[in-house]
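For reference, the structure is listed below as structure tokens.
Here is the naming used below: chain letters follow the sequence lines, and residue numbers restart at 1 for every chain. On a predicted model such as this, the values are computed, not experimentally measured, just so you know.
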Amino acid sequence: MTRYNIKETEEKWRNYWEDQKCFEATPNKDKEKYYVLEMFPYPSGRIHVGHVRNYALGDVVARYKRAKGFNVLHPMGWDAFGLPAENAAIDNNRHPGEWTYENIAAMRVQLKAMGLSLDWSKELATCHPQYYRHEQKMFLDFLKKGIAYRKEAIVNWDPVENTVLANEQVVDGKGWRSGAPVERKKLNQWSLKITDYAEDLLEGLDTLDRWPEKVRTMQSNWIGKSQGLQFKWDLVGSDEQIDVYTTRPDTIFGASFVGLALDHPLTEKLASGKDGFDRFKSQCEAVGTSEAAIEQAEKIGFDTGHKVKHPFIEGLELPVYIANFILMDYGTGAIFACPAHDQRDLDFARKYNLDVKPVVLPENEPNLTIESVAYTGEGKIANSEFLNGLSIEDAKSEIIKRIEDMGRGQGTTNYRLRDWGISRQRYWGCPIPVVYRDSDGACIPVPEDQLPVELPEDVSFDKPGNPLDHHPTWKYTTCPETGEPATRETDTFDTFFESSWYFARYCDPRNESEAFDADKANYWTPVDQYIGGVEHAVLHLLYSRFFTRALSDCGYLKTKEPFSGLYTQGMVGHVTYKDEDDKWVYPKDVVKNDDGTFTHAQTGKPVAQGKPIKMSKSKKNVIDPQDILDTYGADAARMFVLSDSPPGRDFEWSENGVDGAWKYINKLYRIVSERLDNLPEIDAEYSGTFSDGATKLRQKSHQTILAIAEDIEAFHMNKMVARIRELSNMIEAFKASDAGDFWALREAFEIMTICMNPMIPHLAEEIWKMIGHSTPLVDTSWPTADETLLTSDTIDLGVQVNGKVKATITLPKDADQSVAQEVALANDHVIRAMADKTMRKFIYVPNRIVNIVVG
RNA sequence: GCGGGUGUGGUGGAAUUGGUAGACGCGCUGGAUUCAAAAUCCAGUUUCCUUUGGAAGUGCGAGUUCGAGUCUCGCCACCCGCACCA
């Protein structure tokens with residue numbers, strides 16, 4: 001018997017699929033389309049296990065849908081702009097473009113080795129001018145439509161390197177390279193008006209019924225729609241007013257101070273020059289710009305000494321503080337605080353000894369006192385004059401009405417969502433196609449016929465900051481309108497810009513005159529199944545939804561929602577290892593000893609095993625999938641990443657697992673190759689009877705057809721693996737002796753092969769050929785299950801006594817209660833369990849359970 | 001801090017969505033085969049007990065129900081996101 005030659009066989013089939021162009025897709029109105037897309041990778045240099053998992057998962061769907069008769073589009077490309085390329089440029093003196101294209105070439109080879117059913121003719125790279133020229137055009141269209149605009153925004157500024165830092169480059173409030181405390185800096189930057197679409201993006205979530213509930217919830221919370229009141233407080237001894245926004249107008253009588261954001265327009269006016277303000281300001285500015293950093297920072301404030309008049313309590317004046325936890329981007333950048341019913345306000349009030357007056361009392365606690373925990377629950381209003389006794393909701397309406405009558409403000413809808421800042425002070429991104437005329441500073445869009453504005457090749461990363469800005473000539477140009485000297489915008493787009501429309505570009509990736517042909521895009525989009533990491537649940541997915549709407553509004557396509565189905569996979573983790581010097585060690589350099597301890601393979605020194613965490617290069621707990629592909633082959637690698645965990649959950653890499661998958665691949669080959677004798681011809685008729693064993697096998701085969709289809713549709717790939725194993729276990733145990741047996745065996749082989757094809761396509765093709773087929777499996781459609789074989793005549797069901805299982809009985813399917821009762825009560829175990837007690841109740845759920853209540 | 005999620009044997013996980021907890025694997029134990037090993041095959045494997053039987057058991061603590069891994073409430077632990085990482 002020949003052994004399965006994995007390397008040779010897998011390569012043979014990959015070449016076949018490629019030569020036959022099996023996966024090249026073209027629009028075809030006669031067929032139902034199905035667009036499968038996995039989030040495209042950043043070309044970091046090597047694929048990682050997370051990629052293998054993501055693409056194996058998508059490939060199961062793509063191959064399954066193809067077998068189900070759909071016209072499948074399944075493309076691949078590269079999210080090629082981004083920071084790591086610039087870091088490589090700085091660290092290794094490589095040009096970002098060169099580095100990126102090399103990485104793409106290397107990763108393409110790796111992905112191809114996985115045997116994915118990808119249409120490589122649609123491949124794209126976002127760093128290519130033929131890609132980004134179209135998004136420059138989109139930007140110009142957004143500009144015309146008022147979707148793009150300029151405003152001041154705050155960035156992390158490294159004062160030593162004179163450069164803007166990404167949030168991830170800020171470590172403990174310091175620049176990651178310089179170690180200098182980060183400062184906040186205001187820059188004039190481009191933004192997109194995603195807030196104009198807030199309501200539509202929120203409502204659209206209801207239509208996304210094939211998205212995970214959790215992602216929709218996260219997006220909904222991110223958009224953060226709230227109903228509230230915006231109204232003005234009069235500043236004592238001044239004409240100034242402070243416009244605040246609150247979602248709790250009902251607590252107005254519990255207000256103890258008014259707070260302003262540090263960058264609120266009034267802040268400087270009220271506080272500058274005051275004792276300690278500069279110190280307070282620098283304390284606030286030392287905290288990074290990320291919301292997490294701001295929220296977790298200690299709440300501090302500065303008393304401006306100014307007071308405002310309470311709108312309803314005659315003579316009451318409240319202090320005005322500047323506080324670090326108030327965000328200029330939310331509401332009006334000013335609040336009134338009711339410490340009794342808001343935790344942040346309470347923490348602040350305790351710190352600065354401000355009043356805490358409860359104004360909402362829970363029904364059962366009329367003497368509520370607040371210590372260190374604010375009361376945010378339901379209740380009735382108290383200590384609030386005309387509001388006393390009202391519910392929270394009624395009090396809100398009442399206050400809004402009175403404020404509106406006073407002409408002091410109005411009830412408003414507010415969103416937490418902020419506009420999308422798209423300017424980046426970096427080289428490796430798409431240039432923003434505008435110039436600034438030197439004479440008057442006017443911002444002039446680059447005319448469409450001058451696109452693309454290409455990145456210069458000759459850049460240096462010798463000094464920190466944006467190389468485009470340092471470039472000797474690139475930014476100096478002329479005004480397209482007047483011909484006067486002008487300076488190019490040196491900022492580039494946020495890389496989320498590229499990933500917001502790539503799925504549409506795949507529909508027509510070589511189009512030079514436009515981003516994509518509308519007919520083609522309207523045929524393929526929306527993406528029917530999008531698959532990627534849950535870490536993209538909010539930003540990338542929300543930006544893409546917005547972008548698609550904006551493109552629709554600019555006439556690019558008709559689609560509103562880019563992804564009608566979404567699946568989010570979990571992270572891939574691995575245990576970590578550290579040596580005696582607390583340095584991370586690669587798993588492949590660790591040897592496990594017989595006593596369970598670990599030592600370093602080279603040095604022989606002891607190594608400590610740490611808990612599994614998300615794979616990352618810095619922790620060295622990475623596995624190179626290339627080693628797996630080389631050693632075990634693509635099918636084993638694919639099978640392993642699909643089999644061990646449900647795809648939605650985090651997944652922990654283990655060496656044993658791949659080994660098990662590899663053994664199984666070999667075993668499958670053996671099972672089939674040892675049973676090829678006496679198989680009937682393909683499509684041979686059989687009208688005789690079947691042995692019991694053959695009937696059981698046929699039942700299992702047909703149940704498997706349905707079970708696997710259901711598993712795939714529900715993304716239960718780990719269960720799919722179990723089903724295949726169950727079927728192959730049964731085939732292995734089956735001893736065929738008569739014609740019916742061999743007929744059933746061929747049927748089982750065929751069903752098993754088609755069903756396992758989405759997961760392990762190379763072996764499936766090979767087996768398909770072994771059992772005599774001359775047409776390829778890739779063109780074979782999914783079988784139909786024979787309904788009559790799906791159920792059996794008898795059911796084993798459990799018998800409980802007082803809710804505890806005591807016995808198992810066998811009943812005819814759908815047996816009557818009288819039959820069930822008779823059989824159950826005759827069972828020895830049941831008799832013993834009931835002992836001398838009397839039956840109070842007999843519960844029978846046909847085909848499910850019997851429960852006898854005794855007492 | 002805020003938002004979202006996860007928790008079941010030694011281990012990855014399954015459980016017809018309220019109805020026989022542990023499918024299918026990994027590991028381990030014993031056996032067969034072998035000069036030996038690898039590979040392969042067979043058997044066993046939740047825990048505990050007074051073992052032809054019985055009890056307990058799904059992160060912890062309550063509750064609803066004839067019946068709870070599944071529903072409700074309150075905790076604990078871990079993971080993801082927080083707008084310039086992708």
Side-chain angles (χ1 to χ4, degrees), chain A residues 3 39-42 44 79 81-84 87 153 155-156 164-170 189 194 212-215 217-222 224 289-297 299 325 329 343-344 347 416-426 494-496 499 533-540 542-543 568 570-571 573 611 613-614 643-646 648-652 654-657 659-661 663-664 666-667 670 716 718-719 721-726 729 796-800 802-809 829 832 840-843 845 847-853:
Chain A
R3 261 182 84 108
M39 290 177 185
F40 64 166
Y42 179 80
S44 56
D79 187 14
F81 275 138
L83 266 187
N87 293 332
V155 295
N156 297 308
V164 177
L165 298 177
N167 281 336
E168 75 157 5
Q169 297 172 322
V170 178
Q189 302 200 72
I194 191 173
E213 193 60 46
K214 61 174 175 179
V215 176
T217 308
M218 281 192 251
Q219 292 213 350
S220 172
N221 289 336
W222 186 263
T289 58
S290 81
E291 193 174 301
I294 294 167
E295 291 281 335
Q296 266 161 282
K299 288 160 193 63
F325 64 93
D329 294 306
Q343 192 60 45
R344 287 187 303 189
D347 295 344
R416 199 185 78 100
L417 182 69
R418 313 200 291 255
D419 274 339
W420 174 14
I422 49 168
S423 291
R424 298 291 181 270
Q425 296 68 42
R426 314 202 185 284
D494 176 7
T495 57
F496 277 126
S499 55
V534 67
E535 66 272 22
H536 294 290
V538 176
L539 291 181
H540 161 59
L542 191 64
Y543 288 148
T568 54
M571 307 276 154
K611 61 177 183 175
I613 49 176
K614 184 185 170 182
S643 65
D644 243 32
S645 284
R649 249 197 257 176
D650 288 352
F651 162 87
E652 195 195 324
S654 82
E655 205 62 45
N656 294 334
D659 202 53
K663 283 180 188 168
Y664 183 66
N666 287 292
K667 179 170 165 174
R670 206 168 48 241
H716 294 160
N718 54 326
K719 284 163 69 181
V721 175
R723 305 270 168 261
I724 302 266
R725 293 188 104 118
E726 281 175 19
N729 285 351
D796 292 337
L797 78 170
V799 181
Q800 302 176 333
N802 282 348
K804 294 201 155 68
V805 180
K806 295 293 176 185
T808 306
I809 57 173
H829 295 272
R832 203 178 305 123
R840 302 281 181 209
K841 208 169 172 186
F842 187 88
I843 293 159
V845 183
N847 308 323
R848 290 281 172 95
I849 198 81
V850 169
N851 189 9
I852 302 165
V853 185

d([atom1], [X]; [atom2], [N]) in whole Å:
| X | N | atom1 | atom2 | answer |
| --- | --- | --- | --- | --- |
| A:D494 | B:A83 | CG | P | 12 Å |
| A:I422 | B:C84 | CD1 | P | 11 Å |
| A:M571 | B:A86 | CE | P | 16 Å |
| A:E168 | B:G81 | CD | P | 11 Å |
| A:Y42 | B:C85 | OH | C1' | 10 Å |
| A:L797 | B:U16 | CG | P | 16 Å |
| A:H716 | B:G13 | NE2 | C1' | 12 Å |
| A:W222 | B:C80 | CH2 | P | 17 Å |

Would you classify [X] as touching base, sugar-phosphate or nothing, given that sugar-phosphate means primed atoms plus P, OP1 and OP2, and contacts are heavy atoms under 4.0 Å?
| X | value |
| --- | --- |
| A:G421 | sugar-phosphate |
| A:T808 | base |
| A:P41 | nothing |
| A:V164 | base |
| A:I852 | nothing |
| A:V805 | sugar-phosphate |
| A:A292 | base |
| A:Y664 | nothing |

Considering only the [atom1] atoms, how many Å lie between [N] and [M], rounded to the nearest integer?
| N | M | atom1 | value |
| --- | --- | --- | --- |
| B:A21 | B:A14 | C1' | 9 Å |
| B:A15 | B:U8 | P | 15 Å |
| B:C73 | B:G3 | P | 16 Å |
| B:A38 | B:G53 | C1' | 44 Å |
| B:C71 | B:C82 | C1' | 32 Å |
| B:A77 | B:U17 | C1' | 26 Å |
| B:G81 | B:U20 | C1' | 41 Å |
| B:C75 | B:C24 | C1' | 34 Å |

Taking only residues two or more places apart in sequence, or in another chain, which ones meet A:F496 in a ring pair (Phe, Tyr, Trp, His ring centres under 6.0 Å)?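 Listed in chain order: A:Y543.
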
Compare all side-chain heavy atoms of [X] with those of [Y] and state whether any distance is below 4.5 angstrom.
| X | Y | answer |
| --- | --- | --- |
| A:N847 | A:L797 | no |
| A:K806 | A:R832 | no |
| A:I724 | A:Y664 | yes |

How far does [atom1] of [X] sit from [atom2] of [Y], to the nearest 0.5 angstrom?
| X | Y | atom1 | atom2 | answer |
| --- | --- | --- | --- | --- |
| A:R649 | A:M571 | CZ | CE | 15.0 Å |
| A:N802 | A:R840 | CG | CZ | 10.5 Å |
| A:L542 | A:I194 | CG | CD1 | 4.5 Å |
| A:M39 | A:E535 | CE | CD | 7.5 Å |
| A:S220 | A:E213 | OG | CD | 9.5 Å |
| A:K667 | A:R725 | NZ | CZ | 7.5 Å |

If the sugar-phosphate is the primed atoms plus P, OP1 and OP2 and the base is the rest, what is the B/S/- string for nucleotides 61-73 of chain B, using protein heavy atoms under 4.0 Å? -----BS------

Nucleic acid footprint by protein, nucleotides 50-56 of chain B - heavy-atom cut-off 4.0 Å, B for base, S for sugar-phosphate alone: ---SSSS

May I ask you to evaluate whether A:S645 reaches the phosphate of B:G12, defined as a side-chain N or O under 4.0 Å from OP1 or OP2?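 False: A:S645 side-chain N/O out of range (4.0 Å or more) of B:G12 OP1/OP2.
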
Taking only side-chain N and O atoms of A:N167, does any of them lie within less than 4.0 angstrom of OP1 or OP2 on B:C82?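 No, no such contact exists.
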
Is there a donor on the side chain of A:Q189 or the base of B:C84 sitting less than 3.5 Å from an acceptor on the other? yes

Between the base of B:C84 and the side chain of A:Q425, is there any donor-acceptor pair under 3.5 Å?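 Check passes, donor-acceptor contact within cut-off.
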
If you take all heavy atoms of A:A153 and A:Q189, which pair is closest and at what distance?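 Looking at all heavy atoms of both residues, the shortest contact is CB-NE2, 3.4 Å.
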
Given [options], the nucleotide with the shortest approach to the side chain of [X]:
| X | options | answer |
| --- | --- | --- |
| A:Y543 | B:G81, B:G1, B:C84 | B:C84 |
| A:I849 | B:G1, B:C79, B:U20 | B:U20 |
| A:Q296 | B:U20, B:G1, B:A86 | B:G1 |
| A:A166 | B:U20, B:C85, B:A83 | B:C85 |

Checking the side chain of [X] only, and the main-chain atoms of [Y] only, is there a donor and an acceptor separated by less than 3.5 Å?
| X | Y | answer |
| --- | --- | --- |
| A:N167 | A:T289 | no |
| A:R424 | A:D494 | no |
| A:D79 | A:F40 | no |

Conformer about C1'-N of B:U34 - syn within 90° of 0, anti elsewhere: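 It is anti.
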
For B:G9, does the O4'-C1'-N9-C4 (purine) or O4'-C1'-N1-C2 (pyrimidine) torsion place it in syn, i.e. within 90° of 0, or in anti?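 Classified syn.
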
Give every pair of a protein N or O atom and an N or O atom of nucleotides 23-29 of chain B that lie under 3.5 Å apart, one pair per line with the distance.
{"from": "B:A23", "atom 1": "O2'", "to": "A:E726", "atom 2": "OE2", "distance (Å)": "3.0"}
{"from": "B:G25", "atom 1": "OP1", "to": "A:N729", "atom 2": "OD1", "distance (Å)": "3.4"}
{"from": "B:G25", "atom 1": "OP1", "to": "A:N729", "atom 2": "ND2", "distance (Å)": "2.6"}
{"from": "B:G25", "atom 1": "O5'", "to": "A:R725", "atom 2": "NE", "distance (Å)": "3.4"}

By nearest nucleotide on RNA chain B, pick out whichever of A:L83 and A:Q343 is the more 5' one.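 The answer here is A:Q343.
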
By nearest nucleotide on RNA chain B, pick out whichever of A:R426 and A:R344 is the more 5' one.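 This one resolves to A:R344.
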
Collect all protein-nucleotide pairs involving nucleotides 4-8 of chain B in which both atoms are nitrogen or oxygen and the distance is under 3.5 Å.
{"from": "B:G7", "atom 1": "OP1", "to": "A:R649", "atom 2": "NH2", "distance (Å)": "3.2"}

Option passing side-chain contact (heavy atoms from CB on, under 4.5 Å) with A:V799 (candidates A:V805, A:N851, A:V850):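 Checked A:V805, A:N851, A:V850 against A:V799; only one passes side-chain contact (heavy atoms from CB on, under 4.5 Å): A:V850.
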
Runs of at least three consecutive pairs that involve RNA chain B, where pairs are Watson-Crick or G-U with distances under 3.5 Å: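 Detected stem regions: B:1-7 with B:76-82, B:10-12 with B:24-26, B:27-32 with B:40-45, B:46-49 with B:53-56, B:59-63 with B:71-75.
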
